[in-house]
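One structure below.
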Amino acid sequence: MNILVTGGAGFIGSNLCDRLVSDGETVTVVDNLSTGFLENIQHLLGHSNFHYINDTILNEERMEGLIRDTDCIIHLAAAVGVKYVLENPLTSIETNIKGTEVILRFANRYHKRVLIASTSEVYGKHMHAPLKEDDNLIYGPPSTMRWSYAAAKLVDEFTALAYHRTKKLEVVIFRCFNTIGPRQTGLYGMVVPRFIKQALRDEPITVYGDGTQTRTFTYVGDVVEALVRLMGCDEAIGEVVNIGGRDEISILELAEKIKEISRSSSEITLVPYSNVYGRDFEDMMRRVPSLDKLESLIGYSPNTPLDETLRKTIEYFRSRAD
Ligand code: UDP
């Protein structure tokens, strides 16, 4: 099968490409390296089943040709990361809304199945757990720019579902919760690579707020497995589905765990949000997915224990530091 992966040079995208190529699929990546890295796919470049195109998904002529010639699209290209979105609000909104609109329009024109990446951010500031796909969504005001990411991704979800309902386009929308593993960068704010780098350098580990906010973390290999299964799952068409981990952990406990596993002598310091993200910032205090729908659709849900994922990720960063 020919599969087009937008954002294939990114963290999740490049891990997905490794799997698809080793499964014998022919993979084309389109990525403008705005947040991805060529280094992530360098090892695939000479492979006869792998093609890389450096371009933006906003190039409509290019995207039309690529989508016409593929069997299926996995749309991961997006502006990601709280830090990146806050520093680049306009570009983020444009990429995340217009980019997805281009993909859906041509997928519809050429009748191609398309998986659209969404995010757990769309749930907003819930305190209950677990979050189910049909829960209400709770956002703050538009002056708090963080919510623009959730709102843009929500527009993507609405657009994809509207194409499905009115044109019978085969769309699957997946909401990724915090995903971690090799190749993730801390440059856009993501907590685990930042903590690991700080720990390996014995620098202070910077916990924002009081550290009681919680998340679940998913090993990228488990996300890839879920995506491969979703791609072939007819029952998932027209559905929104969570992909995430199970073990809820506070950010302070996460810092302690990373410090312990990496045998670091770093101090753990609490940093006020305002020092990092300015005045109008709201964090999400809790974010735990319901995985019932994912399991019932594909008979699988992420299962790699957090300690094991952290060990693998720490090894990856250690080998790069060497
Ligand atoms: N965080 C932190 N220190 C950092 C980076 C992030 O304490 O250096 C916190 C952040 O405030 C949030 C959690 O870690 O509560 C997860 O942040 P991330 O940006 O990775 O993902 P998201 O907020 O989208 O879940």
Side-chain angles (χ1 to χ4, degrees), residues 10-12 35 78-89 92 96 117-127 129-131 137-140 144-154 175-181 183-201 203-220 223 242-245 247-259 262 264 266-289 306 309-310 313 317:
F11 158 53
I12 298 179
T35 54
V80 290
V82 174
K83 183 166 176 280
Y84 183 88
V85 169
L86 292 179
E87 286 169 2
N88 305 278
S92 302
N96 292 346
S118 185
T119 163
S120 56
E121 281 271 325
V122 298
Y123 285 103
K125 40 186 176 174
H126 272 285
M127 280 305 288
L131 297 167
L137 311 175
I138 309 176
Y139 300 151
T144 303
M145 207 36 91
R146 176 182 190 139
W147 304 116
S148 68
Y149 179 52
K153 281 293 186 181
L154 190 60
R175 290 181 179 161
C176 273
F177 284 63
N178 299 63
T179 304
I180 59 171
R183 300 192 193 139
Q184 187 173 33
T185 167
L187 289 178
Y188 314 124
M190 279 79 163
V191 66
V192 166
R194 289 176 58 83
F195 281 6
I196 291 178
K197 277 190 192 160
Q198 291 166 341
L200 292 182
R201 292 179 187 145
E203 290 171 357
I205 300 179
T206 54
V207 171
Y208 299 161
D210 63 6
T212 58
Q213 69 272 33
T214 68
R215 296 291 187 271
T216 65
F217 293 93
T218 323
Y219 175 51
V220 66
V223 173
N242 290 336
I243 303 180
D247 301 328
E248 184 175 12
I249 184 169
S250 77
I251 298 301
L252 187 57
E253 286 166 333
L254 177 75
E256 283 159 357
K257 209 180 246 303
I258 288 176
K259 175 175 162 159
S262 62
S264 165
S266 292
E267 277 172 51
I268 297 175
T269 55
L270 299 182
V271 181
Y273 288 116
S274 55
N275 289 15
V276 191
Y277 292 127
R279 248 180 347 109
D280 289 320
F281 179 78
E282 281 182 271
D283 202 357
M284 285 165 183
M285 293 311 289
R286 193 173 189 202
R287 198 197 261 161
V288 180
L306 178 60
T309 306
L310 289 175
T313 314
F317 279 102

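Scope of the values below: all heavy atoms of this structure, side chains included, with no hydrogens, waters or symmetry mates. Numbering of ligands and ligand atoms starts at 1, following listing order. Model, not experiment: these values are computed from the prediction.
Under a 4.0 Å heavy-atom criterion, Arg287 is in contact with ligand 1. Distances shorter than 4.0 angstrom do not occur between any heavy atom of Tyr188 and any atom of ligand 1.
At a threshold of 4.5 Å between non-hydrogen side-chain atoms, the residues Phe195 and Ile251 count as touching.
Not a single donor-acceptor pair under 3.5 Å links the side chain of Thr214 to the backbone N or O of Thr212.
One finds no salt bridge joining Lys197 and Glu203 here, because no Lys/Arg side-chain nitrogen approaches an Asp/Glu carboxylate oxygen to under 4.0 Å. We find that Glu282 and Lys125 are joined by a salt bridge, their nearest charged nitrogen and carboxylate oxygen being less than 4.0 Å apart. Asp283 and Arg146 are joined by a salt bridge, as a carboxylate oxygen and a charged side-chain nitrogen come within less than 4.0 angstrom of each other.
Between Trp147 and Tyr139, the angle of the ring planes stays under 30°, which puts this pair in the parallel group of the 30/60° scheme. Relative orientation of the Tyr273 and Tyr208 rings is perpendicular, given thresholds of 30° and 60° on the angle between their planes.
The residue Met284 has no part lying near ligand 1, judged by heavy-atom distances below 4.0 Å. With a 4.0 Å heavy-atom cut-off, ligand 1 is reached by no atom of Lys83. No part of Val271 comes within 4.0 Å of ligand 1, judged by heavy-atom distances. With a 4.0 Å cut-off on non-hydrogen atoms, Thr206 touches ligand 1 through its backbone as well as its side chain. Within the 4.0 Å heavy-atom criterion, the part of Arg146 lying near ligand 1 is the side chain and not the backbone. Using a 4.0 Å cut-off between heavy atoms, Val82 contacts ligand 1 through its side chain alone, with no backbone atom that close.
Here the closest non-hydrogen pair linking Thr313 and Gly181 is OG1-CA, 3.4 Å.
Ligand 1 places these atoms under 4.0 Å from at least one heavy atom of Glu121: 24 (O). Listed by number with element, the atoms of ligand 1 under 4.0 Å from a non-hydrogen atom of Asn178 are 21 (O), 22 (P), 25 (O).
Checked against a 3.5 angstrom limit, the closest N/O atoms of Arg194 and ligand 1 fall inside it.
What sits closest to atom 11 (O) of ligand 1 on the protein, heavy atoms only, is Asp283 OD2, 3.1 Å.
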